[in-house]
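See below for the structure under consideration.
All values below come from the heavy atoms of this structure, side chains included, with hydrogens, waters and symmetry mates left out. Every number for a ligand or one of its atoms is a count from 1 in the order of the listing.
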Amino acid sequence: MMKRTTFILFTLCFSTLLLSFVPNTEYAPKASIKTLVIDPGHGGIDPGAPGLFSHEAHVSLEVALKFGKALEKEFPDLKIVYTRTTDVMAGNKRTKDEGLRYRADLANQSHGDLFISIHCNSAGRRAGGWYEKVVTGKTPYTKTVGKGKKKRKVTAYRYKYANVWRENHTKGTETYIWAVNKNDAKVSSMNKNFESEEGGEGETSTLTLPDPSDPAEKARMLIYALQYFRKSYSLAEQIENEFVSGGRTSRGVKQRNHLGIWVLQATGMPSVLVEIGFISNKEEEEYINSDKGQEEIVEALVNSFRAYKLKTESRQLSPAP
Ligand SMILES: [Zn+2]
């Protein structure tokens, strides 16, 4: 027991020491945002969540490409790396897991300064809505039961049923960050019951979530916490605020430790995953597919990126406290 504690302490001290040699990204010139990795979720073999007439992979790609194009105009010096630009699994990989690994590797090899993943949300059983059989009334009638001397009349009921339409009404935007500290009061914790389409958690998955009891992984998580968490949170908050300014319903910034967003912690840079709307909601599916909707989403993302870039780059000019 003692040995283990000593080892953890040593690891923590070592990581702190290590961090003191890492240029402080807040103040070093390197803090400028030179490379942005844009990651349209799903693709190819993995269409993502279905809507009534569209799929998540397609909508995410459209919005991601428009987002990149808008940034190119405003920031000609910015290098934009896409994890995919067509309807294929990222890196033309054969499985979702391989695709996720490719996304993370590409982001890291490109020395990205920021990673933004674009997805569509899904809730409930079916896109649009579903019919549910409900009892609407009952009519009494008399029937005879028993035989011989035990024969008697009883009142029974005939039930009336109707198929009632239940609309899939959940809507709004969400931005996810990797949950470093679940006790962070500012961020609403993940809701396990509210499982979106981010599958890949099946037994066949070869990805593993970081194990906080492993000292090496604990040290890596510490580095993530110190270097990227606050920045990721700041961008996520900005994005949700921009959506609200544009008249959207925001479900807020959420943190998760979930295989669907495994890629966020596997990238050595601040990273967020934006759910641009519920494809399972009829109106929102129409909105995220429309030119107007996509323009507004892109505008919110560009505004957020601009604010984040300004904030990050102006900070390095001010003297260290
Ligand atoms: Zn998704």
Side-chain angles (χ1 to χ4, degrees), residues 37-67 82-91 93 95-104 106-107 115-127 168 170-179 190-202 204-205 207 209 232 236 239-240 243 248 250-267 271-281 284-285 287-289 293-294 297-298 301:
V37 183
I38 300 180
D39 172 42
H42 311 270
I45 48 152
D46 172 22
L52 287 172
F53 62 90
S54 63
H55 272 89
E56 181 187 4
H58 180 73
V59 182
S60 303
L61 179 63
E62 276 189 345
V63 170
L65 293 178
K66 286 184 180 177
F67 175 40
Y82 297 92
T83 57
R84 67 184 181 97
T85 53
T86 56
D87 183 23
V88 295
M89 172 50 67
K93 298 295 178 188
T95 66
K96 286 189 201 180
D97 284 3
E98 282 178 26
L100 279 178
R101 280 184 205 283
Y102 172 83
R103 291 170 210 263
L106 179 70
F115 181 91
I116 300 180
S117 191
I118 302 199
H119 287 246
C120 309
N121 229 329
S122 175
R125 291 184 286 177
R126 274 207 193 152
N168 199 333
T170 311
K171 63 171 194 171
T173 63
E174 284 175 349
T175 300
Y176 281 95
I177 55 174
W178 183 258
M190 63 182 248
N191 182 352
K192 271 255 171 183
N193 300 327
F194 199 87
E195 206 51 58
S196 65
E197 93 302 338
E198 310 300 344
E201 237 182 340
T204 51
S205 181
L207 295 172
L209 294 172
S232 304
I239 291 171
E240 287 305 311
F243 278 137
R248 300 289 303 279
S250 166
R251 297 164 57 89
V253 174
K254 306 212 169 164
Q255 58 176 341
R256 236 184 197 184
N257 294 100
H258 183 279
L259 277 183
I261 62 163
W262 172 92
V263 69
L264 294 186
Q265 57 83 42
T267 53
S271 48
V272 298
L273 187 151
V274 189
E275 300 275 10
I276 58 168
F278 279 80
I279 204 166
S280 52
N281 177 293
E284 219 159 52
E285 181 186 15
Y287 178 79
I288 61 178
N289 272 280
Q294 294 188 350
I297 292 165
V298 164
L301 293 174

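Here H58 and H42 keep their ring centres 6.0 angstrom or further from each other.
Residue C120: no N/O/S atom is found under 2.8 Å from the Zn ion (ligand 1). Residue E56 counts as close to the Zn ion (ligand 1), with an N, O or S atom under 2.8 Å.
Under the rule for a side-chain contact (heavy atoms from CB on, under 4.5 Å), the partners of L106 that lie at least two apart in sequence or sit in another chain are V81, T83, Y102, S110.
Taking a cutoff of 4.0 Å between a charged side-chain nitrogen and a carboxylate oxygen, E284 and R248 qualify as a salt bridge.
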Step-by-step side-chain hydrogen bond (donor to acceptor under 3.5 Å, both in side chains) determination, Y176 to E174: CA-CA 7 Å; Y176 281 95; E174 284 175 349; 3.0 Å; yes

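Note on H119: its N/O/S atom closest to the Zn ion (ligand 1) is ND1.
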